[in-house]
Amino acid sequence: TNISSQLTKDQLQIHVQPPTGSYHSTLKVYLLKIHLPAQPQDVTTGYSTSWKYDADAKLLYVPGIPAGRESRITVRFYR
């Protein structure tokens, strides 16, 4: 599965592409863990509105990203 990202001054765009080739994961969903220096203002996935930021670990957790399908995640930062 190819995962790419693009960072601008106020948001991070993440693109999870569907798997290619003959191997397909048996996973039903992904849990993304993203290292961020501060809590984001908003996270949009198109599938789920749940997300959690761990300030001590500086990690953003985004559950419920469907495996096997194309997904786009937008992380917006405070201005």
Side-chain angles (χ1 to χ4, degrees):
T1 300
N2 185 23
I3 300 173
S4 59
S5 63
Q6 182 177 17
L7 181 65
T8 64
K9 74 175 192 172
D10 59 353
Q11 70 181 14
L12 172 65
Q13 292 277 336
I14 302 167
H15 182 206
V16 181
Q17 296 178 351
T20 59
S22 59
Y23 174 78
H24 293 280
S25 173
T26 58
L27 295 174
K28 301 295 182 205
V29 293
Y30 297 126
L31 166 64
L32 290 182
K33 295 179 185 178
I34 306 164
H35 293 270
L36 294 176
Q39 180 172 332
Q41 178 180 355
D42 185 44
V43 177
T44 307
T45 67
Y47 299 104
S48 171
T49 57
S50 68
W51 56 276
K52 176 186 165 195
Y53 183 74
D54 181 338
D56 293 330
K58 297 193 182 304
L59 276 174
L60 171 66
Y61 296 91
V62 184
I65 305 302
R69 294 197 310 200
E70 181 175 6
S71 299
R72 295 185 184 274
I73 299 95
T74 301
V75 179
R76 290 184 182 82
F77 303 106
Y78 291 107
R79 288 186 171 195

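The residues of the chain are indexed from 1 along the displayed sequence. As a basis for the values below, the full set of heavy atoms in this structure was taken, side chains included, without hydrogen atoms, waters or symmetry mates.
Considering every non-hydrogen atom in both Phe77 and Leu12, the closest pair reads CE1-N, 3.8 Å. The heavy-atom pair separating Pro40 from Val75 by the smallest distance is CB-CG1, 3.5 Å. In terms of heavy atoms, Tyr30 sits closest to Val16 at CE1-CG1, 4.1 Å. Nearest heavy-atom pair across Asp42 and Trp51 is CA-CZ2, 4.2 Å.
Looking at Thr74 and Gln11, their side chains never bring a donor and an acceptor atom within 3.5 Å of each other. Ser4 and Asn2 form no side-chain donor-acceptor contact under 3.5 Å, judged by distance and modelled atom types alone.
When hydrophobic clusters are built by joining Ile, Leu, Val, Met, Phe, Trp and Tyr residues whose side-chain heavy atoms come closer than 4.5 Å, directly or via intermediates, Tyr53 is grouped together with Leu7. Both Ile14 and Leu36 belong to a single network of hydrophobic side chains, linked directly or stepwise wherever heavy atoms of I, L, V, M, F, W or Y lie under 4.5 Å apart.
For the atom pair Leu32 CG and Leu59 CG, the distance stands at 11.5 Å (nearest 0.5 Å). Distance CG/Leu60 to CD1/Ile34: 4.5 Å, rounded to 0.5 Å. To the nearest 0.5 Å, atoms OG (Ser5) and NE2 (His15) are separated by 12.0 Å.
Sorted by first then second residue, the salt bridge (charged side-chain N to carboxylate O under 4.0 Å, His left out) pairs that include residues 44-70, not counting sequence neighbours, are Glu70-Arg72.
Looking at heavy atoms from C-beta onward, Val43 lies in side-chain contact with Ile73 at the 4.5 angstrom threshold.
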So Leu31 and Ile65, side-chain contact (heavy atoms from CB on, under 4.5 Å) or not? Walk me through it. CA-CA 6 Å; Leu31 166 64; Ile65 305 302; over 6 Å; no

